[in-house]
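If you're wondering where the values come from, they're calculated on a predicted model, not measured in any experiment. These numbers come from the heavy atoms of this one structure, side chains and all, not from hydrogens, waters or symmetry mates.
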Amino acid sequence: MIQETVTRSAIAALIGHLARWVANLDRAGAARKRESRESLKQVVLAVRKTAVYGRSLDAGRARNFDREAEIAMQWTALAIELERLGLGKLAKKCRVTGWYWENQERFDAEFLDRAQVRLEQVERLALALLADIDR
């Protein structure tokens, strides 16, 4: 009789624990999705910011090293956050882009082509990941 009561009590506690664990897991999954969504949106914004700066250079404006430092830091911060979220492929592209804006002579054109870090390619990958999350 006592053994039966302990067993029922233990089973009830275990079921309660499992229910709380599943609920917490669902919340963590939702939080991870929100964080991923926000980071991917930030990638698209970084693409825009970088493209506008590049367009100003193409139009003959002088280089602005403060702006380039800001762009390099933004891409690097995105790389770190995306890596934390497990979005490694995009994180690597952001890291290379950050390195590029830190020192534009760091890589040759062939390496940059192989790395597929053109802004359109980075944006396309970010939008595809965003679509996957929203499914």
Side-chain angles (χ1 to χ4, degrees):
M1 184 78 148
I2 292 176
Q3 186 178 13
E4 219 175 273
T5 304
V6 170
T7 305
R8 286 182 187 165
S9 175
I11 290 172
L14 179 60
I15 290 171
H17 175 72
L18 286 173
R20 286 188 301 278
W21 183 78
V22 168
N24 287 337
L25 186 61
D26 285 343
R27 279 195 297 274
R32 172 79 59 152
K33 280 185 175 184
R34 275 192 310 278
E35 289 175 332
S36 296
R37 246 187 237 105
E38 183 56 35
S39 292
L40 292 167
K41 289 176 186 176
Q42 291 302 314
V43 170
V44 173
L45 293 174
V47 165
R48 291 291 173 276
K49 181 181 196 174
T50 306
V52 168
Y53 178 68
R55 200 174 80 233
S56 75
L57 294 176
D58 292 344
R61 291 206 173 130
R63 287 179 69 182
N64 180 328
F65 291 103
D66 290 338
R67 171 82 41 94
E68 290 180 18
E70 182 183 313
I71 289 170
M73 294 301 129
Q74 184 175 10
W75 283 106
T76 302
L78 284 168
I80 292 166
E81 181 63 12
L82 292 167
E83 190 68 44
R84 183 184 74 78
L85 292 168
L87 300 170
K89 185 176 179 181
L90 184 58
K92 189 179 283 187
K93 291 179 186 310
C94 291
R95 189 173 312 282
V96 170
T97 303
W99 284 333
Y100 172 81
W101 284 102
E102 172 214 341
N103 176 2
Q104 293 178 22
E105 282 118 41
R106 185 176 194 154
F107 305 113
D108 61 22
E110 183 182 336
F111 172 81
L112 293 172
D113 272 347
R114 280 190 320 232
Q116 297 181 340
V117 293
R118 285 189 315 230
L119 295 176
E120 305 83 39
Q121 294 166 316
V122 172
E123 182 177 9
R124 195 174 316 122
L125 179 56
L127 292 173
L129 290 168
L130 196 54
D132 284 346
I133 289 171
D134 289 337
R135 282 188 203 143

Between [X] and [Y], is there a shared hydrophobic cluster once you connect ILVMFWY residues whose side-chain heavy atoms come closer than 4.5 Å?
X     : Y      : result
Trp99 : Ile80  : no
Leu45 : Val117 : no
Val43 : Leu119 : yes

Would you name the heavy atoms of [X] and [Y] that are closest together and state the gap between them?
X      : Y      : result
Ala46  : Leu78  : CB-CD1, 3.7 Å
Gly98  : Thr76  : CA-OG1, 3.9 Å
Glu68  : Leu57  : OE2-CD1, 4.4 Å
Tyr53  : Arg63  : OH-CA, 3.4 Å
Val122 : Gln116 : CG2-O, 4.4 Å

State, with a plain yes or no, whether a side-chain heavy atom of [X] is found less than 4.5 Å away from one of [Y].
X     : Y     : result
Leu87 : Ser39 : no
Thr97 : Ile71 : no
Val96 : Lys93 : no

With rounding to the nearest 0.5 angstrom, report the [atom1] to [atom2] distance, [X] to [Y].
X      : Y     : atom1 : atom2 : answer
Leu127 : Leu40 : CG    : CG    : 8.5 Å
Lys92  : Glu83 : NZ    : CD    : 8.5 Å
Glu123 : Thr50 : CD    : OG1   : 11.0 Å
Gln74  : Gln42 : CD    : CD    : 7.0 Å

Could Arg34 and Glu38 be called an ion pair, given the rule that one side-chain N must be under 4.0 Å from one carboxylate O?
no
Between Arg135 and Asp132, does any NZ, NE, NH1 or NH2 come within less than 4.0 Å of an OD or OE carboxylate oxygen?
yes
In terms of heavy-atom contacts, does CZ of Arg37 have more than 12 from other residues, nucleotides or ligands at under 6.0 Å?
yes
More than 12 heavy atoms of other groups within 6.0 Å of Arg61 CZ
no
Scan for ring-ring contact (aromatic ring centres under 6.0 Å, His included) pairs involving residues 115-135, sequence neighbours excluded, and state none if there are none.
none
Could you check, using the six-membered ring where one of them is a Trp, whether Trp75 and Tyr100 have ring centers closer than 6.0 angstrom?
no
Among pairs that include at least one residue of residues 70-82, which meet salt bridge (Lys or Arg N to Asp or Glu O under 4.0 Å), considering only residues two or more places apart or in two chains?
Lys49-Glu70, Glu81-Arg84
